[in-house]
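This report concerns only the one structure given below.
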Amino acid sequence: MYHLGIDLGSSSVKVALVDADSGKKIISLHEPPNEMEIIAINPDWAEQDPNMWWTHVCNAIKRVTVEADVNVSEIKNIGISYQMHGLVIVDESGNPLRNSIIWCDSRAVEIGRKALQDLGQDLCGTHMLNAPGNFTASKLKWVIDNEPETYKNTYKFMLPGDFIAYKLTGKMATTKNGLSEGILWDYKKDDVATDLLDYYGIDKNLVPEIVENFTNQGTVNVQGSKETGLAEGVQVTYRSGDQPNNALSLNIFNPGEVAATGGTSGVVYAVSNNLKPQEISKVNHFAHVNYTASEPVIGTLLNINGAGIQYRWLRNNCGNDSYDVMNDKASKIEVGSNGVVIIPFGNGAERMLENKNVGTHILNLNLNQHNNAHLYRASLEGIAFSFVYGVEILKKDIGEIKVIRAGNDNLFRSEIFSNTVATLIDHDIEIYNTTGAVGAARAAGLTDGDFEKFGENITKNDHVMTYKPLQDKAAYQAAYTTWKNELEMILKHK
């Protein structure tokens, strides 16, 4: 028997099959071959067509079953991971009324900022554990204010993963985890965040049915079967935003455990049981995948927009070196990049910097001394320093870090990046071969609640290596201090 995992990103849909007993990956692939379109008719906007997602999900599922040569009757459960914070609104027939306003759209920043001012830090912090920010609830308020006819015809709103589950099963539902990602969950009341809904003028009846994770959330119906090729009756048993799912994929369930991701953007996601966070405007707090009211496991997410995109920009604009060549050149430059400093925040407003749009800065460049190798090293160091800076903020809410795990991809394949982070935070970083789709597929089998066995399978199947802090820290600490001073000088003028 097999479990199927779907990972709906903003660039592609990934689908994986795993063995139901061992969790071993059978196959993983993505659709489409090129990146999915993001529609940006205004500079701060980012939208995608939910029906486009569904088309690629169907194509990927059909390919998986054919290429793995499995009988669809042997697929038992489905798990769904999805891009967080997006807004999908549908009519009574389940048809999207507009494009989804996705995670990287920043049109609702001011709406969220005003909500924090009006509702107050105490209510937002103690009930929702977050400032309303630029999240799903605030995006829906933008629709109310700017597209009243669309809102008038809205039957339900959903997160992106909820929409995929609906297309599979015909059931409109969401989870506490998903609502918390949209700043729509009240932890004190253990209910929908009616204070924020009422403030924004959002009808509570638009919230779908709330289902629990690791249970039967709906079964593939006739239409879902026809469009995907799956057998009718296959259960959807799990759904989660991509970052909590990434943590699950790395066996992160307990307080003090941390998952890190170093892709286009960077993420540090830490688990705690802190229901009184201090940093509600710089980091985000969500119900983790194993959250319950009696055992409130909270995922604290620090996002760094300007991460791998900085290194990719250099690759595309500095002679078109491959990443391997860039890494090799950078390795020949000493720690500190001979004084060159790169502040890598050129991918929009940074929440950990209180939503300031700092931009990318290349500082101390000497045209007679420095070349592209210095830029490569300074870029990797600058991104690593931004992770370290974020961890300093994160520790105020989560306390002691017990373990850090990361996927064996993107930035964590760079020894410079990984050694810099490990050395400055003074902690091992365990590297694992896994993906969001594989994690979601494995999570689909967690209906037995055996998290220990689940974690053992990950350790057995996926562990690659561990980066350890270097003994000689002085050069790293000096370079970080210089970088941090430059950043704080820039922040003073923003």
Side-chain angles (χ1 to χ4, degrees), residues 1-36 48-83 94 160-171 173 213-240 242 245-246 248-249 433-448 454 457-458 461-462:
M1 300 296 288
Y2 305 98
H3 297 312
L4 178 80
I6 300 167
D7 182 16
L8 168 62
S10 49
S11 59
S12 69
V13 173
K14 301 175 185 69
V15 172
L17 275 179
V18 302
D19 180 84
D21 291 328
S22 68
K24 185 177 179 181
K25 182 181 80 172
I26 306 300
I27 188 173
S28 179
L29 53 78
H30 73 274
E31 282 281 340
N34 300 314
E35 291 191 0
M36 292 191 294
Q48 288 184 318
D49 178 1
N51 287 320
M52 173 189 67
W53 300 337
W54 177 239
T55 297
H56 294 313
V57 167
C58 293
N59 290 341
I61 291 174
K62 289 172 183 173
R63 280 185 57 204
V64 156
T65 54
V66 170
E67 293 181 27
D69 192 24
V70 300
N71 190 316
V72 293
S73 66
E74 296 175 323
I75 297 174
K76 186 178 179 183
N77 295 335
I78 301 169
I80 301 170
S81 168
Y82 57 89
Q83 50 172 294
D162 300 333
F163 179 75
I164 299 303
Y166 162 70
K167 294 293 285 186
L168 286 163
T169 67
K171 180 177 179 178
N213 252 336
F214 312 119
T215 59
N216 184 354
Q217 302 175 357
T219 59
V220 173
N221 64 5
V222 173
Q223 189 64 26
S225 172
K226 180 180 177 182
E227 296 189 40
T228 62
L230 294 170
E232 289 180 49
V234 180
Q235 297 181 129
V236 174
T237 53
Y238 167 80
R239 73 186 78 177
S240 168
D242 51 12
N245 178 72
N246 180 61
L248 168 141
S249 305
N433 261 337
T434 188
T435 68
V438 170
R442 289 172 174 166
L446 253 173
T447 52
D448 61 2
F454 181 89
N457 282 339
I458 290 173
N461 290 324
D462 300 336

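Throughout, residue positions are numbered sequentially from 1 according to the sequence presented. Since the structure is predicted, the reported quantities are computational estimates derived from the model, not experimental observations.
The side-chain heavy atoms of V57 and L168, taken from C-beta on, include no pair separated by under 4.5 Å. Annotation: side chain of Y238 is not in contact with side chain of N77 (no heavy-atom distance under 4.5 Å). Between L230 and S225, the closest side-chain pair of non-hydrogen atoms is not below 4.5 Å. The side-chain heavy atoms of L4 and L17, taken from C-beta on, include a pair separated by under 4.5 Å.
A side chain to side chain contact (heavy atoms under 4.5 Å, CB included) with V220 is found for one member of I75, I78, V72 and no other, namely I78. Applying side chain to side chain contact (heavy atoms under 4.5 Å, CB included) to H56 and the options L8, I61, V13 leaves one that passes, V13.
Note: Y166 OH to N221 CG = 8.5 Å, rounded to the nearest 0.5 Å. Interatomic distance, S12 OG to M36 CE, rounded to the nearest 0.5 Å: 6.0 Å. For the atom pair CZ (F214) and OG1 (T237), the distance works out to 8.5 Å, reported to the nearest 0.5 Å. One finds the NE2 atom of H30 at 8.0 Å from the OG atom of S11 (value rounded to the nearest 0.5 Å). To the nearest 0.5 angstrom, Q223 atom CD is 10.5 Å from E232 atom CD. Here the OG1 atom belonging to T228 is positioned 5.5 Å from the CH2 atom belonging to W54, to the nearest 0.5 angstrom.
Across all their heavy atoms, Q83 and P160 have their closest contact at O-CG, 3.5 Å. For I27 against A68, the heavy-atom pair with the smallest separation is CG2-CB, 3.8 Å. Across all non-hydrogen atoms, the minimal contact from S73 to M1 is O-CE, 4.1 Å. In terms of heavy-atom proximity, V18 sits nearest to K25 at CG1-CA, 4.1 Å. Here the closest non-hydrogen pair linking K76 and V234 is O-CG1, 3.4 Å. Between T65 and K62 the shortest heavy-atom distance is OG1-O, 3.0 Å.
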Would Y82 and I164 count as a side-chain contact (heavy atoms from CB on, under 4.5 Å) if you check the C-alpha gap in whole Å, the side-chain angles of each, and the deciding distance to 0.1 Å? CA-CA 9 Å; Y82 57 89; I164 299 303; over 6 Å; no

All N/O donor-acceptor pairs, side-chain side in residues 435-448, below 3.5 Å, sequence neighbours left out:
| from | atom 1 | to | atom 2 | distance (Å) |
| --- | --- | --- | --- | --- |
| T435 | OG1 | V438 | N | 3.2 |
| R442 | NE | G23 | O | 2.7 |
| R442 | NH1 | D462 | OD2 | 2.5 |
| R442 | NH2 | G23 | O | 3.1 |
| R442 | NH2 | D462 | OD1 | 3.4 |
| R442 | NH2 | D462 | OD2 | 3.4 |
| D448 | OD1 | D450 | N | 3.0 |

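No more than 12 heavy-atom neighbours from other residues, nucleotides or ligands sit within 6.0 angstrom of CG on D69. Residue-environment remark: NZ (K24) stays at or below the threshold of 12 foreign heavy atoms within 6.0 Å.
Classified by interplanar angle (parallel below 30°, tilted 30° to 60°, perpendicular above 60°), the ring pair F163/W53 is perpendicular.
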